[in-house]
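Reviewing the structure listed below.
Positions are given from 1 along the sequence.
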Amino acid sequence: KHWGITLPVAVVLLGITCNNNQSQTAASPEGIRVVKNGLDHVWEIAWGPDDHIWLTEREGRVSRVDPANGNTSFSFTIPDVVSRGEGGLLGMALHPEFSKNGFLYVVYNYHIQGDYREKLVRYTYGNNTLSNPTILFEGIRAAGIHNGSRIWVTNEASPKIFLTTGDAAQQDLPQQTKTVNGKVLRFNAGGSIPGDNPFPGNPVWRYGHGNQK
């Protein structure tokens, strides 16, 4: 799994809330400490340029945690997240210039006209909140399993967004290049499709994957 950074042992998160709402905290070996517990289905963890831990919880919450004391200095719940089975708020990535532009990318499941779908959205972090939600790509088929949803934003002059998608429990989709499920997708930082993608006008970068987590 691509976290973007190797976390020092001292800030490993333990004690995630389980389905039965019982908080389980593993015994901490020497050199490891629990930074934060009582969390609900943590999906993504990233180390920010502000030396804080950024994380997503599947029910829809994005949080910023101080690794020194475990205090949550910021929390924001995305209103249209729909958690179903393994679906909900999933992947997250910070723009390489996050300290300057505040861009934070998330992918999550939602309902549209009764269908369960997935979308890639860019938020702007500032004044201790997330604002200006900008949909970069939407309508990806979703399900209670196999939603993929890792995000990687490259650090280059013209950053690219790589997004993984699962097959949404439909095993015939990954081999179909005209669908976006079971793929690695590639976008420009603003959501447009790069001109050098393998299939013109198509975000598909690689295909044939069952689940990409």
Hydrophobic clusters here meaning ILVMFWY residues chained together by side-chain heavy-atom distances under 4.5 Å, can you tell me if V107 and V180 are in one? yes
T56 side-chain N/O to E44 backbone N/O, donor-acceptor pair under 3.5 Å: yes
I'd like to know if K160 pairs up with D196 as an ion pair, taking the criterion as any Lys NZ or Arg NE/NH1/NH2 lying under 4.0 Å from an Asp or Glu carboxylate oxygen. no
Between the side chains of K183 and T164, is a donor N or O closer than 3.5 angstrom to an acceptor N or O? no
Hphob cluster co-occupancy, L136 + V106, side-chain heavy atoms under 4.5 angstrom: no
Strictly distance-based, threshold 3.5 Å: is any side-chain N or O of N197 a donor or acceptor partner for the main-chain N or O of N202? yes
Which label fits F98 and Y125: parallel for a plane angle under 30°, tilted from 30 to 60°, or perpendicular past 60°? parallel
Does the plane of the ring in F76 sit parallel, tilted or perpendicular to the ring in F74? Use 30° and 60° as the thresholds. parallel
With a 3.5 Å cut-off and no angle check, do the side chains of H146 and R141 form a donor-acceptor pair? no
Heavy-atom count check: over 12 atoms from other residues, nucleotides or ligands less than 6.0 Å from R206 CZ? no
If you group Ile, Leu, Val, Met, Phe, Trp and Tyr by side-chain heavy-atom gaps below 4.5 Å, do L89 and I53 land in one group? no
Decide whether M92 and V153 are clustered together by the hydrophobic rule: side chain heavy atoms of Ile, Leu, Val, Met, Phe, Trp, Tyr closer than 4.5 Å, transitively. no
One pair to check against side chain to side chain contact (heavy atoms under 4.5 Å, CB included): D66 and S73. What are the steps and the verdict? CA-CA 7 Å; D66 187 338; S73 57; 5.5 Å; no
Side-chain donor-acceptor contact under 3.5 Å, T165 with E118: no
Starting from L55, can I reach V62 by hopping between I/L/V/M/F/W/Y residues whose side chains sit under 4.5 Å apart? no
Salt bridge or not for R61 and D40, using N-O below 4.0 Å? no
Going by an N to O cut-off under 4.0 Å, is there a salt bridge joining R58 and E86? no
Apply side chain to side chain contact (heavy atoms under 4.5 Å, CB included) to the pair L94 and F103, showing each step before the final yes or no. CA-CA 6 Å; L94 308 181; F103 289 166; over 6 Å; no
